[in-house]
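In the text below, chain A, chain B and the rest are named by the order of the sequence lines, each starting its count at 1.
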Amino acid sequence: MPELPEVETVKIGLAKLLPGKTIKNVTWDWLKSFPNSQADTDSFLIGAKIVLVKRRAKVLLIELSSKYSLVIHLKMTGQLVFVGRERFGAGHPSESLIGHLPDKSTRVTLELNEGKLFFNDQRKFGWMRLIPTAEVPSIDFFKKIGPEPLAASFGAKAFAARLKKRPNSSVKTVLLDQSIIAGVGNIYADESLWGAKIHPLTPVRDLSTQKINNLFEELQYVLRLSIEKGGSTDRNYVNAEGKKGSYMSFARVFRREGQPCPRCGSTIIKIRVAGRGTHLCPKCQRLKS
DNA sequence: CACTTGACCTGTCCGC
DNA sequence: TGCGGACAGGTCAAGT
């Protein structure tokens, strides 16, 4: 699922549902989804109370009273869905995802004193790790992660300076590089480049200050809009309550190849950049202008 | 170094 | 209907 807006949406939901609840038991069916020792799990997960839910980059952090944290990366198809005790009763709408949980994509189940938290992940790329809270910032994943694009302290000047660390790379490749900027993935890279009228293959060195400023504005705009819409559901993504996000109906180019550009009416095309499907308007986003 | 490709997995869709 | 291949929101490791 999950780029910054999707993970942020899950975080907002879990932050309302989880703090104060106690973890009673954990079960898992795929070691790579939950690569923790039985000893750590017994000592620092079972019986711990959930204190706080946070997000950094595309990662969720659930802080526990045991001074350990659950650190969760949803990768492509991960879901973190809370089902309250009342939801287990008969008569719940059968079309609702949460009526079906656990299902065959469920990798980890956390039983709480009230309700259950399911970590589902069809493709098994995601993971949930139990780590001492003090050590979380120094794990390999976070050591190399860039700044948060929506942080109040992060502005267009800092954005430009970070992009320019990779002058010869295409701008889309750099947007997707988590060590440059945290949280941007394929959807919001394409959407923000369309907004700023920049071809995804443009080398960073060819971008004017004005263009970089436009890109920063557009990136913040699409990320904020998507959080407001509860993220993008293309296939698997759901929030903490099992509900889909609606940003895809606001998308201008992503997965809209063959449709008219909402700005100029030209037909949106799809190419491949950095190994990823890339959507753009060939008229609005020219390589040389 | 910087950039590309393959690997990690399952599921779906599309063409033959 | 079946089968093979391409592709999918993300990161790593290994190759060039």
Side-chain angles (χ1 to χ4, degrees), chain A residues 1-11 28-35 55-60 71-80 97 100 103-108 119-129 139-146 163-193 200-205 219 222-223 225-227 229-239 244-251 253-258 270-279:
Chain A
M1 61 175 202
E3 304 181 32
L4 187 155
E6 289 74 33
V7 182
E8 179 67 15
T9 301
V10 174
K11 185 216 79 180
W28 63 98
D29 79 336
W30 187 253
L31 192 57
K32 290 178 180 176
S33 296
F34 192 74
R55 177 192 62 77
R56 170 78 173 104
K58 297 173 188 170
V59 167
L60 283 157
V71 182
I72 304 152
H73 201 311
L74 301 169
K75 290 287 180 82
M76 299 282 263
T77 57
Q79 306 174 331
L80 216 45
L97 167 71
H100 299 149
D103 65 19
K104 66 176 172 180
S105 77
T106 300
R107 307 300 168 206
V108 186
F119 174 34
N120 305 323
D121 185 16
Q122 178 187 99
R123 292 178 73 181
K124 300 179 174 176
F125 292 167
W127 42 261
M128 174 183 287
R129 285 156 59 189
I139 67 172
D140 285 348
F141 183 86
F142 283 128
K143 269 194 298 196
K144 53 182 171 14
I145 220 77
L163 285 192
K164 286 174 180 174
K165 293 173 76 163
R166 303 278 301 282
N168 299 316
S169 298
S170 71
V171 60
K172 176 162 177 178
T173 302
V174 180
L175 281 176
L176 292 175
D177 185 336
Q178 301 299 295
S179 72
I180 301 293
I181 307 291
V184 183
N186 211 30
I187 299 174
Y188 306 104
D190 284 4
E191 289 288 294
S192 59
L193 288 165
L201 286 172
T202 310
V204 167
R205 69 174 122 74
L219 180 61
V222 294
L223 294 175
L225 175 63
S226 185
I227 292 169
K229 301 301 176 189
S232 297
T233 296
D234 192 34
R235 311 183 132 88
N236 297 274
Y237 168 72
V238 293
N239 68 13
K244 298 177 176 187
S246 67
Y247 178 85
M248 286 299 280
S249 58
F250 297 85
V253 285
F254 189 78
R255 295 280 164 80
R256 293 194 183 277
E257 61 270 31
K270 183 175 179 183
I271 63 173
R272 196 150 274 270
V273 177
R276 316 296 302 278
T278 297
H279 314 76

Testing C/dC12, B/dC9, C/dG10 for proximity to the side chain of A/Phe141, the answer is C/dC12
Sorted by chain and number, sequence neighbours left out, side-chain contact (heavy atoms from CB on, under 4.5 Å) with A/Ser246 holds for A/Lys229, A/Ser249, A/Phe250
Send over the distance from [X] [atom1] to [N] [atom2], rounded to a whole Å.
X: A/Met248; N: C/dG9; atom1: CE; atom2: P; result: 9 Å
X: A/Lys143; N: C/dT11; atom1: NZ; atom2: P; result: 17 Å
X: A/Tyr237; N: B/dG11; atom1: OH; atom2: C1'; result: 21 Å
X: A/Asn186; N: C/dT11; atom1: CG; atom2: P; result: 11 Å
X: A/Gln79; N: C/dG10; atom1: CD; atom2: P; result: 16 Å
X: A/Asp29; N: B/dT10; atom1: CG; atom2: P; result: 11 Å
X: A/Lys229; N: C/dG9; atom1: NZ; atom2: P; result: 23 Å
X: A/Leu74; N: C/dG9; atom1: CG; atom2: P; result: 16 Å

N/O (side chain, [X]) to phosphate O (OP1/OP2, [N]) under 4.0 Å:
X: A/Lys75; N: C/dT11; value: no
X: A/Ser169; N: B/dC3; value: yes
X: A/His73; N: C/dT11; value: yes
X: A/Arg235; N: B/dG11; value: no
X: A/Lys270; N: C/dC7; value: no
X: A/Arg272; N: C/dA8; value: yes
X: A/Asn168; N: B/dA2; value: no
X: A/Gln178; N: C/dT11; value: yes
X: A/Lys58; N: C/dT11; value: yes
X: A/Lys144; N: C/dC12; value: yes

For a quick test of reading the model, state the closest non-hydrogen atom pair linking [X] to [Y] and the distance between them.
X: A/Phe125; Y: A/Lys75; answer: O-CG, 3.3 Å
X: A/Gly277; Y: A/Asp190; answer: O-OD2, 3.9 Å
X: A/Gln178; Y: A/Gly183; answer: OE1-N, 2.9 Å
X: A/His279; Y: A/Glu257; answer: CD2-OE1, 3.2 Å
X: A/Tyr188; Y: A/Leu219; answer: O-CD1, 4.2 Å
X: A/Met248; Y: A/Thr233; answer: CG-O, 3.6 Å

Its dot-bracket string being built from Watson-Crick and G-U pairs below 3.5 Å, with | for another strand and [ ] for crossing, DNA chain C has the pattern .|||||||.|||||||
Only residue of A/Asn120, A/Asn236, A/Asp121 satisfying side chain to side chain donor-acceptor pair (under 3.5 Å) with A/Gln79 is A/Asn120
For [N] versus [M], give the span between their [atom1] atoms, rounded off to a whole number of Å.
N: C/dG5; M: B/dA7; atom1: P; result: 15 Å
N: B/dA2; M: C/dG9; atom1: C1'; result: 25 Å
N: C/dC3; M: B/dC9; atom1: P; result: 24 Å

| message | By the 4.0 Å heavy-atom rule, please label A/Gly275 as base, sugar-phosphate, or nothing. | response | nothing
Inset, instruction - Taking the side chain as every heavy atom from C-beta outward, state whether A/Thr278 and A/Lys270 have any pair of such atoms under 4.5 Å apart. - result: no
Per side chain to side chain contact (heavy atoms under 4.5 Å, CB included), A/Ser192 is matched among A/Val184, A/Ile187, A/Val222, A/Val171 by A/Val222
Sorted by number, residues from residues 121-129 of chain A placing a heavy atom under 4.0 Å from DNA chain C are A/Arg123, A/Phe125
Review point. Parallel, tilted or perpendicular for A/His73 and A/Phe141, by the 30°/60° rule?
Key: perpendicular
